[in-house]
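Have a look at the structure below before the remarks.
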Amino acid sequence: MKVFKFGGSSVANSTNMKKVKDIIVNEIKSNGNELIVVLSAVFGITNLLFQISENLKNNKGIENEIKTFKDKFSEIIEELLEGNFKKVSIDFLNQIINTIVNVKNESNNITKREEKIIVAQGEIITSFIFHNYLLQEGIDNILVSALDFMKINQEREPDYEYISSMCSQLFKPGNLYITQGYICRDENGQIDNLGRGGSDYTASIIGAVLNAKEIQIWSDVSGIYNNDPRFVQETYTVNYITFEEAAELAYFGAKVLHPSTVLPAQKKSIPVILKNTFNPYSAGTVITNLILSEGFKAVAAKDNITIVQIKSYRMLMAYGFLRKIFEVFEQYKVPVDVITTSEVSVSLTIDDDTKLDDIVQELSSFASVEVIKNNSVIACVGYIPKNKPGYLKRVLDLLDGIPIRMLSYGSSDYSITLVLDSFYKREALNRLNKLFI
Ligand code: ASP
Ligand code: MG
């Protein structure tokens, strides 16, 4: 079995859906009917559904939003479908709209529960239309509702036992299946979801429980870039990368996939391949657990980073200082990213400033605190083992003359992380492009 996931832009309109169909037909021709296709909602629709839910919560009208929703799907149906396939899809669309419009509970309220029902409808209608389109084109396929196998437990983690048992009953080799990303049920059987962008997670979970041969994530980019094409002219997509390296990059700005979403695949050593629906013959990026080569593979940058510098009032407070600091960040649920320390001070970065004032006030009760805003964190990623000298020197040589505010090296064999004033970001990324030649 293979799992292919297509993101919102891949199914954004009828033209794109045709491209997706071609990709599927190609796969079946070459490798047979061993495929599960996971679909996101049409691009922009999940946002629209959240908006509808907000409006309902605030007793505002939803006529405009419903019209946008209806127009979008009517257009796709009109352009893609004929005869009975068209008829059942229009009926289904109307049914979905009814569900949304009449979602309010007994007390005429919109709670989290109703919101989750509303935002699930994007994937449900998108997959229904696409399933019918394939049937119309003579491509046999079975539409399986993700609500019949995808389930999270009380901790909001996938219920692997249940998912695994349901998936092996529902998905059999020899068939093409269409299902929805993102949506699931909670431990009580209520409609829920895996969080924004959750379709990748769906694909990864299905792949893991079925021991799929590979998982392909199809989007509108050809994989992971070695550098940021918005700031650097000569970039290319990386052909092979490990999960560890990809995770470092994903966090630091390469917006291809979220590391936690591929964890199930990584644990089972199932290759994840990033492919471009609009350039299907480009190789894409293959992510595996295999280290195929040493050296730098890519750099990525993230902006709006705040440095918090914390200096102990009492010198040599031998232990407990770090704990006290991190307790404060924990209390405000603010993740800390890069950390560097000296004997009496600690610098760390956060990318969420909303609780900064409270945090600074709290820290100030036992330390002196300085805040520096407008930084960028740059991660130089690859397999750069610590026992091989030279990697750090190469980075620093290339950045000669650029002030570096923080430097983190040695916590893994996969990255060197720098924090600098965002003013220098473009220059730094361009210079670091020489790491790959
Ligand atoms: N449609 C959902 C979202 O926009 C899930 C996904 O696209 O992965 O968040
Ligand atoms: Mg997406």
Side-chain angles (χ1 to χ4, degrees), residues 3-13 16-17 19-20 23 36-54 65 68-69 72-73 76 93 96-97 99-100 103 112 114-131 143-147 149-152 156-158 163 177-186 191-208 215-221 223-224 246-247 250-251 254-265 272-278 287:
V3 181
F4 283 16
K5 177 257 169 173
F6 293 90
S9 54
S10 298
V11 290
N13 51 47
N16 297 3
M17 284 191 183
K19 292 185 204 290
V20 172
I23 290 165
I36 300 169
V37 172
V38 175
L39 296 182
S40 289
V42 164
F43 183 81
I45 288 297
T46 309
N47 286 344
L48 183 66
L49 291 169
F50 271 105
Q51 187 61 53
I52 289 176
S53 155
E54 271 311 296
E65 286 77 9
T68 309
F69 184 88
K72 181 76 230 175
F73 286 104
I76 294 176
L93 175 60
I96 294 266
I97 291 170
T99 306
I100 299 172
V103 74
K112 271 275 160 210
E114 285 73 35
E115 173 189 288
K116 284 165 175 171
I117 295 173
I118 295 174
V119 301
Q121 304 307 316
E123 269 73 10
I124 294 176
I125 177 70
T126 303
S127 58
F128 186 88
I129 292 173
F130 191 74
H131 157 72
L143 179 63
V144 173
S145 171
L147 301 178
F149 64 85
M150 194 54 72
K151 194 170 169 185
I152 51 176
R156 305 198 57 77
E157 293 293 325
I163 298 167
Y177 294 96
I178 310 292
T179 189
Q180 304 88 20
Y182 182 57
I183 64 174
C184 65
R185 289 193 190 274
D186 69 8
I191 293 185
D192 209 319
N193 60 64
L194 301 174
R196 292 310 303 269
S199 295
D200 293 346
Y201 200 24
T202 302
S204 172
I205 295 167
I206 298 176
I215 297 161
Q216 298 190 4
I217 307 282
W218 291 80
S219 69
D220 52 7
V221 284
I224 296 178
Y251 174 70
K255 274 194 82 183
V256 177
L257 81 182
H258 195 280
S260 64
T261 64
V262 291
L263 217 57
V272 173
I273 306 174
L274 307 178
K275 298 275 286 176
N276 187 346
T277 300
F278 309 99
I287 313 173

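When a ligand or atom number is given, it counts from 1 through the structure's own listing order. Positions are given from 1 along the sequence.
- Of the possible donor and acceptor atoms, one in the side chain of N16 sits under 3.5 Å from a partner among the backbone N and O of S9.
- Judged by distance alone, the side chain of S204 and the main-chain N or O of D200 form no donor-acceptor pair under 3.5 Å.
- Remark: ligand 1 atoms within the under-4.0 Å shell around heavy atoms of E123 are 1 (N), 2 (C), 5 (C).
- Residue G8 places every heavy atom at 4.0 Å or more from ligand 1.
- Here's the thing with D200: none of its N/O atoms is less than 3.5 angstrom from an N/O atom of ligand 1.
- With values rounded to the nearest 0.5 angstrom, N13 atom CG is found 5.5 Å from K72 atom NZ.
- Counting the atoms of ligand 1 from 1 in the order shown, those under 4.0 Å from a heavy atom of T46 are 1 (N), 2 (C), 3 (C), 4 (O).
- Considering both main-chain and side-chain atoms, G197 comes within under 3.5 Å of ligand 1 through a nitrogen or oxygen pair.
- Interface of S40 with ligand 1, defined as ligand atoms under 4.0 Å from a residue heavy atom, comprises 6 (C), 7 (O), 8 (O).
- Taking every non-hydrogen atom of S199 and a distance limit under 4.0 Å, the qualifying atoms of ligand 1 come out as 5 (C), 6 (C), 7 (O), 8 (O).
- Side chain of E123 to backbone of A41: a donor-acceptor contact under 3.5 angstrom is found.
- Listed for the S127 side chain is no donor-acceptor partner under 3.5 Å among the backbone atoms of Q180.
- Within 6.0 Å of CZ on F4 lie more than 12 heavy atoms contributed by other residues, nucleotides or ligands.
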